[in-house]
Participant: 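Before we start, here is the structure in question, set down as structure tokens.
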Amino acid sequence: MTYSDNILYQVSKPARYTGGEWNSLVKDWDKTNIRVVLTYPDLYEIGMSNIALPILYELLNSQPDVLAERVYAPWPDMEAVMKKAGIPLFSLESKHRLKDFDIIGFSLGYELTYTNVLNMLHLAQIPVLASERNDSHPIVIAGGGCALNPEPMADFIDLFVIGDGEEVLLELLDSFRDWKGKGAPKRQLFHQVATIPGIYVPSLYQVEYQADGLVKSITPTVPQASPAIQRRIVTKLPPPVTKPVVPYIEVIQDRGAVEIQRGCSRGCRFCQAGIIYRPVRERSQSEVLQAAGELIANCGYSEASLVSLSTSDYHDIDQLVTSLSHHYHNLTLSLPSLRIDRSSVRLMNSLPSHRKTGLTFAPEAGSERLRRIINKNIPEDEILETAAAAFDRGYINLKLYFMLGLPTETIDDIEGITQLVDKVYSLGRKAKGRRPQIRVSLSTFVPKPHTPFQWVAQEGEQQLNAKHELLKLRLHRKGIRLSWPDPKLSLLEAALSRGDRRLGKVIYGAWQLGCTFDAWSEHFNYGNWLGAFEDAGLEPSFYAHRERSLEELLPWAHIDVGVTTAFLKREYQRALDGRETPDCRHKTCNACGLQHWQPDCQQKYQQLSPSQDISKD
Ligand code: SF4
């Protein structure tokens, strides 16, 4: 398959669809036994910025009998042209139709991409519902953060990968290879892979509901399916990707990326990533240095991002940054996810003084009280000290993230945001040089599965709007920019992330009503979503705005992330009591549950941290 020039002339950014990028791999289709197509169900520019897919792309292509290609969601202009011309969705590398692949792998990183999954299957001329696919269709698999509550997408996905994909994917391929050789029905494969830890085959489970709509039971229907699916954890990070595909057009993260560590031990109570990627695993400095050099040589990048959930927590980040700057003089380092504390001041001191891209910090809450509740216990003076150090070092652009609607939040906490931003701005005015630019990015708290706040009700739209209006009024001045997503988007995100299997009908209905690219405000159609909920006889507020009893059987109860419900309940209670839980990496083990899987979890942290206690900095 290919797109004629005539088609490409009709769409914006045709390079999204042409493939042939630097480092893309085209293996011999006819000589390769297993063909996989990987996708992030969003626009090319978003999908190409995802850091998980390049890892899997490289891993799968390194198998001699496997080829892995890519495809992303066509933007509506391309979709219209494809439909008109009767062109099915095909891969970027070999231009084969998706329906000719053995396996289609979706990365689910954001609930608002769910309708795009359906749309892509439809454009590929593959039945959207798993129950309507037969043995001739590809196996549709999904992984990523959203797979930790797989139920809303259970009707569409044949099997989910729960947790780190690197090892389990290879085990899955072993079973697939075996099954393909036999030419047996798909059902047989599903039964077999259900025995692999970390693989969830939703069609092998039955979900029952009580009269009040709560989940009554989630039961395996075959002996191969386990009552609890354990998250997979790779104990050692796989080699870094050093030859990623380099896009021809600008993408969101237009730079090289080296994953320096996976996981975070801070224990922020709203943060799902902090739970579902535990424990912390670091890459050695020498490996990072080598990877950066190879990235520059293989891709020509002059900027690299040190990827981590909490970059400042890498055990010797100052030394790493110094070494990188020393080895690669022209490399600009991007340090996402810096903590707004003294460790970042120290880090700024190791950055070469001529490289001053903007800095981003996430205090998340405006008052020390609320920061204690969410376990992001940073005193205000430390925040101000960090901001002052940034201004002193010539940083002008500061981005501050705050979350609205956090549990127990009051108007005083909102006032706290304005006061804090005011103080930061004043510090910037006092510093030498140009007027500071402060970008205040507000998000809405979404209670996520597997977090201590998974039982909490999301705040209603009216209250959120009132808080937003107050902030708009208070922070309206030159040099401060405020941004805030539509709270309806967050409501939908909350409903989908905490949903049960019945939401499949809602997602299907919304897609049939025309919903795609829901994360894009110009495409988000809340009315259609409400219509889909109504048609399915469900209420979004049942999922988003209902406080759940601690005894309720949650729709994701069968997904065992290793962190126990007892720990989450304890953390929830400590939040309500306003009690901090220290970072287990630097203090004692908090017995989150992972110690049952990895008894030496804390000892490993001790080996990583050369007596580094940042509170003493
Ligand atoms: S087992 Fe202990 S040390 Fe390991 S992540 Fe959990 S709380 Fe931290």
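Remember, it's 1-based here, ligands and their atoms both numbered in the order they're listed. Atoms considered below: every heavy atom in the structure, side chains included; atoms not considered: hydrogens, waters and symmetry mates.
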Participant: In the shown structure, where waters are left out, how many protein N, O or S atoms lie under 2.8 Å from atom 6 (Fe) of ligand 1?
Facilitator: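 Number of qualifying protein atoms: 1.
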Participant: Between Val440 and Ser483, is any pair of side-chain heavy atoms under 4.5 Å apart?
Facilitator: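 Val440 does not reach Ser483 side chain to side chain.
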Participant: Between atom CZ of Arg281 and atom CD of Glu259, what is the distance when rounded to the nearest 0.5 Å?
Facilitator: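 The distance works out to 8.0 Å.
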Participant: Side-chain donor-acceptor pair under 3.5 Å between Tyr200 and Glu151, yes or no?
Facilitator: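 Yes - a donor-acceptor pair under 3.5 Å links their side chains.
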Participant: Within the 3.5 Å criterion, strictly below it, is a donor on Asp583 or Ser265 matched to an acceptor on the partner's side chain?
Facilitator: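 Yes, a side-chain donor-acceptor pair sits under 3.5 Å.
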Participant: Please name all residues satisfying side-chain hydrogen bond (donor to acceptor under 3.5 Å, both in side chains) with Glu459, sequence neighbours left out, ordered by chain then number.
Facilitator: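 Result, side-chain hydrogen bond (donor to acceptor under 3.5 Å, both in side chains) vs Glu459: Lys467.
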Participant: Using the side chain to side chain donor-acceptor pair (under 3.5 Å) definition, which of the options Gln210, Glu208, Gln206 pairs with Ser217?
Facilitator: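 Result for side chain to side chain donor-acceptor pair (under 3.5 Å) with Ser217: Glu208.
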